[in-house]
Undergrad: 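For reference, the structure I am asking about is given below.
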Amino acid sequence: MPELPEIETILRGLGPALVGHRIAAVTVHDHRLRGGVAAGFAGRLTGRRIEALGRRGKYLLATLDDGWCWLMHLGMSGQLLLGAADGPARPHDHVHVILDDGRILVYHDPRRFGRMAVVDRAQLERETGAGIDPLVDDLTAAALFQMTRRRRTSIKALLMDQRRVAGLGNIYVNEILFRAGVRPRRRAGMLTRAACGRIVTATHRVLAEAIRRGGSSIADYRDGFGRAGRFQQRHRVYDRAGLPCRRCGHPIRTVVIVGRSSFYCARCQR
DNA sequence: CGCACCCCCTGCCGGC
DNA sequence: TGCCGGCAGGGGGTGC
């Protein structure tokens, strides 16, 4: 579910609400998330103060007052919801974090593809540090051009590879390539410098607009307070197979690239 | 190196 | 109506 704009929306909402607060209690109702929730997880969080909340790619990171880092990934169906008080536990509410003022942060994740761990700096770097984050780092046309040289893979697969560009997923890569006028199957290594420039510009514009609209809610994405996003209303190609292109009217085509549905306009994208 | 094909898991939708 | 297959915003591993 959540890609960079959704995680950024959650970060901007929850950051001011969480930073400075101490964690009073933690309950893990189901440890079967990706990689498993470690036995000592609750103990490492309990009593700690949240010094900062940040993001890298699709990871959320809370810096703790003992120098360790609380790492969160929402997978496909994860939600992080801050509530006033502890209500009845719903199905798939796997982790409850009670704050010093009584508010509760619930991690809800039907598919359990998310991840939750307390890690040190080295492990944090190993898990999140590889790719260029278009908001945190400087993703330039020159950097993308260099990254794509001699790569035989498609530009879509390359942009979705978190070790190269961090934070983009299936929705946003489709939308970015439409706005850049580049077909998703194009070989990365064959792209011109100008095409790389258009992709970088489109990346920054799409992400900025998506964040401004609170992310994309296709089925179940919600921000930290349970609110849906509105960027799905601005999607040009994602999930629009057969529908007319919003720019030229040509039907949107769909094709599978490295196992993921891809959508493009054969007239607007070359 | 790149990709096809597995896995993880639940929910939803369309076809029969 | 109910069942079944396919698909869904994530990542990881293996083997060719």
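A, B, ... follow the sequence lines: proteins, then strands. Residue 1 opens every chain.
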Undergrad: Quickly work out the A:Met160 CE to B:dG2 C1' distance and round it to whole Å.
TA: 15 Å

Undergrad: When you check the phosphate oxygens OP1 and OP2 of C:dG11, does a side-chain N or O of A:Lys58 lie under 4.0 Å from one of them?
TA: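 For C:dG11, OP1 or OP2 has a side-chain N or O of A:Lys58 closer than 4.0 Å.
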
Undergrad: Is the Lys NZ or Arg CZ of A:Arg222 less than 6.0 Å from the centre of A:Phe225's six-membered ring, within 45° of the axis?
TA: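 Here A:Arg222 fails the 6.0 Å and 45° test against A:Phe225.
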
Undergrad: Please pick, from B:dC3, B:dC1, B:dC9, the nucleotide with the shortest atom-to-atom distance to any side-chain atom of A:Thr153.
TA: B:dC3

Undergrad: Rounded to whole Å, how long is the line connecting atom CG of A:Leu168 with atom P of C:dG11?
TA: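 One finds 10 Å between P of C:dG11 and CG of A:Leu168, rounded.
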
Undergrad: Return the set of residues passing side chain to side chain donor-acceptor pair (under 3.5 Å) with A:Asp101 (not counting sequence neighbours), or none when no residue passes.
TA: A:Arg103

Undergrad: Is A:Tyr238 near enough to C:dG9 that one of its side-chain N or O atoms lies under 4.0 angstrom from OP1 or OP2?
TA: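 Answer yes for this pair, as a side-chain N or O of A:Tyr238 is under 4.0 Å from OP1 or OP2.
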
Undergrad: Rounding to an integer number of Å, can you tell me how far A:His73 NE2 sits from C:dG12 P?
TA: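 Rounding to the nearest Å, NE2 of A:His73 and P of C:dG12 are 8 Å apart.
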
Undergrad: Give me the one residue out of A:Gln123, A:Arg44, A:Arg48 that meets side-chain contact (heavy atoms from CB on, under 4.5 Å) with A:Val118.
TA: A:Arg44

Undergrad: Report the distance from atom OH of A:Tyr238 to atom CD1 of A:Ile176, rounding to the nearest 0.5 Å.
TA: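 Reported to 0.5 Å precision, the distance equals 14.0 Å.
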
Undergrad: Which whole-number value in Å describes the distance from A:Lys156 NZ to C:dG9 C1'?
TA: 11 Å

Undergrad: Please determine if A:Arg126 and A:Asp120 form a salt bridge, counting it only when a charged side-chain N lies under 4.0 Å from a carboxylate O.
TA: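 Between A:Asp120 and A:Arg126 there is no salt bridge, as every charged N stays at least 4.0 Å from the carboxylate O atoms.
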
Undergrad: Side chain of A:Val258, heavy atoms from C-beta onward: which of C:dG11, B:dC3, B:dG2 has the nearest atom to it?
TA: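 Closest nucleotide to the A:Val258 side chain: B:dC3.
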
Undergrad: Taking for each residue the nucleotide of DNA chain B with the nearest heavy atom, is it A:Pro91 or A:Ala157 whose nucleotide lies nearer the 5' end?
TA: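 The residue mapped nearer the 5' terminus is A:Ala157.
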
Undergrad: Starting from P on C:dG12, measure out to CD on A:Glu127 and report it in whole angstrom.
TA: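 That distance rounds to 8 Å.
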
Undergrad: Note every stem involving DNA chain B: at least three consecutive Watson-Crick or G-U wobble pairs, i with j then i+1 with j-1, with both distances under 3.5 Å.
TA: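 Runs of three or more consecutive pairs: B:2-8 with C:10-16, B:10-16 with C:2-8.
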
Undergrad: Separation of A:Arg187 atom CZ from B:dC1 atom C1', in whole Å?
TA: 12 Å

Undergrad: Please measure how far the P atom in B:dC9 lies from the corresponding atom in C:dC3, and state the result in whole Å.
TA: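 Here B:dC9 and C:dC3 have their P atoms 23 Å from each other.
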
Undergrad: If only side-chain N and O atoms count, and only distance matters, is there a donor-acceptor pair under 3.5 Å linking A:Gln162 with A:Tyr59?
TA: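 No donor-acceptor contact under 3.5 Å links the two side chains.
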
Undergrad: Just compare C:dG9, B:dG11, C:dG11 and give me whichever is closest to any side-chain atom of A:Gln162.
TA: C:dG11

Undergrad: Counting just side-chain N and O atoms, does A:Ser261 come under 4.0 Å of either OP1 or OP2 of C:dA8?
TA: yes

Undergrad: Hey, are A:Asp65 and A:Arg22 close enough for a salt bridge, meaning a charged N less than 4.0 Å from a carboxylate O?
TA: yes

Undergrad: I want to verify a distance call: between C:dA8, B:dC1, C:dG9, whose nearest atom is closest to the A:Ala219 side chain?
TA: C:dG9

Undergrad: Can you tell me, in whole Å, how much space there is between the P of C:dG6 and that of B:dC5?
TA: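 Taking atom P in both C:dG6 and B:dC5, they lie 14 Å apart.
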
Undergrad: Whole Å only: how far is the CZ atom of A:Arg115 from the P atom of B:dC8?
TA: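 It works out to 18 Å between those atoms.
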
Undergrad: Within this structure, what is the CE-to-P distance between A:Met116 and B:dC8, rounded to whole angstrom?
TA: 22 Å

Undergrad: Kindly confirm whether the side-chain ring of A:Phe113 is stacked on the base of B:dC9, judged by centres under 5.5 Å and planes under 30°.
TA: no

Undergrad: Considering just the side-chain nitrogens and oxygens of A:His92, establish if one lies under 4.0 Å of OP1 or OP2 belonging to B:dC9.
TA: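 For B:dC9, neither OP1 nor OP2 has a side-chain N or O of A:His92 closer than 4.0 Å.
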
Undergrad: Can you say whether a donor on the side chain of A:Arg112 sits under 3.5 Å from an acceptor on the base of B:dC9, or the other way round?
TA: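 Checked by distance alone, the answer is no.
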
Undergrad: So does A:Glu8 pair up with A:Arg12, basic N to acidic O under 4.0 Å?
TA: yes

